[in-house]
Each structure stands twice: as C-alpha cells, then as structure tokens.
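In what follows, a structure is listed as structure tokens, so that the remarks can point back to it.
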Amino acid sequence: MLGEAGELLGDTVGELVPPEARAHLLNAQRELLLAATLTLEHHLSQRQRQPGEGADSPRRRRTPRPVKVELE
C-alpha cells in the first residue's frame, strides 16, 4: 500500500516538478528511507542484547569513534 501511494505521488510530482528538482527529491527520499531503516535496525539490535550486557560490557564490540573530516 505504501509503495502504491509513493508511485501515485511520484506520477503527480513528475507532472509538476522540473527534472532537476525531481532527481533531488528522489535522492532525499532515498536518504530518508535509509536513515529510518538504520535507526530501526539500531533499536532492534539494542533490544536483542542480553541482560547484563551494558555499555561497559567486555563482550560488546567496540568500534572506533568517527574522525572529524575538515571540508574546504
């Protein structure tokens, strides 16, 4: 049902919006869906953690902190 609504909206937007703006909107939609998916996966993985496996647990895999990249 959600796919059908997106398709209908896409057809309507296609008639009203210039091609450059359409490409931008599709990229924004893709990024939004990716962010929602990653957020959902993160929350589900937090629920699957066993009791007693808190943030200080040695069993938890530690990942390095992201490095700040300076842009010019």
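Note that this is a predicted model, so its numbers are computed, not measured.
The hydrophobic cluster of Leu32 has no other members, since no ILVMFWY side-chain heavy atom comes under 4.5 Å of it.
The side-chain contact (heavy atoms from CB on, under 4.5 Å) test with Leu40 singles out one residue from Leu38, Thr37, Leu44, and that residue is Leu44.
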_Steps toward side chain to side chain contact (heavy atoms under 4.5 Å, CB included) verdict (Gln29, Leu26)_ = CA-CA 5 Å; Gln29 178 184 16; Leu26 288 174; 3.8 Å; yes
